[in-house]
Amino acid sequence: MPRQNHKKPHLRRTFLGYQIYHYGAVSSTNDIAKEIARKNDEKRVIVVAETQTRGRGRAKRRWTSPKGGTWISILLRPQIKPKEVLKLTFITSSAATKTIQQLYDLRAEAKWPNDVLVRGKKICGILAETETKGDKLLFVVIGVGINSNIDMKFLPEELRQTATSLKHELGREVERKTLMKRFVRNFERRYKNLQRGMWAPLLDEWKSLTSFLGKQVKVTSFDEVIIGEAWDVEDDCSLIIRLENGAIKRIINGDLALIKKA
Ligand code: BTN
């Protein structure tokens with residue numbers, strides 16, 4: 001266990017019923033949130049850090065987390081089945097997309113399953129991790145990384161073509177506190193609706209924030225590459241691809257890329 005994780009947060013306060021733990025450098029805010037979840041029974045916690053030394057993304061990828069970014073994890077104990085956790089990823093993605101549109105007037109969009117893009121480049125990623133006992137969900141940690149005040153030079157070379165930051169898009173820095181507060185408000189509204197059983201309108205909203213449906217896409221799922229038209233996203237968050245021969249393929253996990261027309 002990295003030593004930084006045992007440090008005390010330098011700030012603790014509450015916001016919208018969440019205990020907020022604010023740290024300097026940590027390994028990963030998701031790890032801290034999990035440690036908190038295992039140690040005590042606090043129901044709603046948000047962990048914020050200035051930097052992460054071992055930030056991670058989906059499929060065990062590294063998530064570069066320099067100072068200036070918005071690195072947060074939300075700890076929740078929802079009454080849902082483990083397989084429904086993707087719904088939380090979707091509402092988080094809608095909340096982040098809406099926040100970027102509302103505060104900065106940028107044309108942010110959601111991309112299946114866990115990205116937020118601006119001008120086709122990734123500006124935010126979401127990593128939901130769970131702890132379960134049998135088929136019971138004990139807790140979920142939703143990690144959200146928003147590239148806010150980050151100069152492109154601090155992102156690895158190989159990401160500069162595919163990622164962007166708010167600072168880069170706007171040509172100025174943003175007020176991160178305002179960003180976080182608006183994001184948490186937007187998340188909370190959707191989370192409440194999810195708990196009230198209003199998944200259908202939440203899924204409709206998420207779809208309305210995307211632009212890949214109806215387009216030719218390439219999806220890499222485990223070792224398989226699937227090419228076809230992004231047909232729909234189903235109630236369980238799976239992606240439906242219509243292959244060239246008309247067959248339908250359902251994908252629950254993978255990476256999606258648009259195929260650019262020649
Ligand atoms: C992805 O796009 O693959 C998901 C990236 C998630 C990054 C965030 S930053 C805060 C939280 N802590 C982590 O280690 N990862 C998530």
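Every number for a ligand or one of its atoms is a count from 1 in the order of the listing. The structure presented is a predicted model; accordingly, all values stated were derived computationally and were not measured. We use all heavy atoms of the structure for the numbers below, so side chains are in, but hydrogens, waters and symmetry mates are not.
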[atom]: the protein heavy-atom neighbour that sits closest, reported with distance to 0.1 Å:
atom                    : value
atom 3 (O) of ligand 1  : Arg58 N, 2.7 Å
atom 2 (O) of ligand 1  : Lys122 NZ, 2.5 Å
atom 15 (N) of ligand 1 : Arg56 O, 2.7 Å
atom 8 (C) of ligand 1  : Gly145 N, 3.6 Å
atom 5 (C) of ligand 1  : Trp63 CE3, 3.4 Å
atom 11 (C) of ligand 1 : Thr29 OG1, 3.3 Å
atom 9 (S) of ligand 1  : Gln52 NE2, 3.3 Å

| message | Please confirm whether Arg61 approaches ligand 1 to less than 4.0 Å, judged on its heavy atoms. | response | no
Under 4.0 Å to a heavy atom of [X] - the qualifying atoms of ligand 1, by number:
X      : result
Ser28  : 12 (N), 13 (C), 14 (O)
Asn114 : 1 (C), 2 (O), 3 (O), 4 (C)
Gly57  : 1 (C), 3 (O), 4 (C), 5 (C)
Gly55  : 14 (O)
Asn30  : 11 (C), 12 (N)

Say whether, by atom type as modelled, one donor and one acceptor occur between the side chain of [X] and the main chain of [Y] under 3.5 angstrom.
X      : Y      : answer
Asn149 : Glu173 : no
Thr92  : Leu88  : yes
Ser165 : Ile150 : yes
Trp112 : Cys237 : yes

| query | Taking the six-membered ring of Trp63 as reference, does the NZ or CZ atom of Arg56 fall below 6.0 Å from its centre and within a 45° cone about the axis? | reply | no
Nearest heavy-atom neighbours spanning [X] and [Y]:
X      : Y      : answer
Phe187 : Leu76  : CZ-CD1, 3.7 Å
Gly228 : Ile241 : CA-CG2, 3.7 Å
Asn40  : Arg77  : O-NH2, 3.0 Å
Phe90  : Pro113 : CE1-O, 3.6 Å

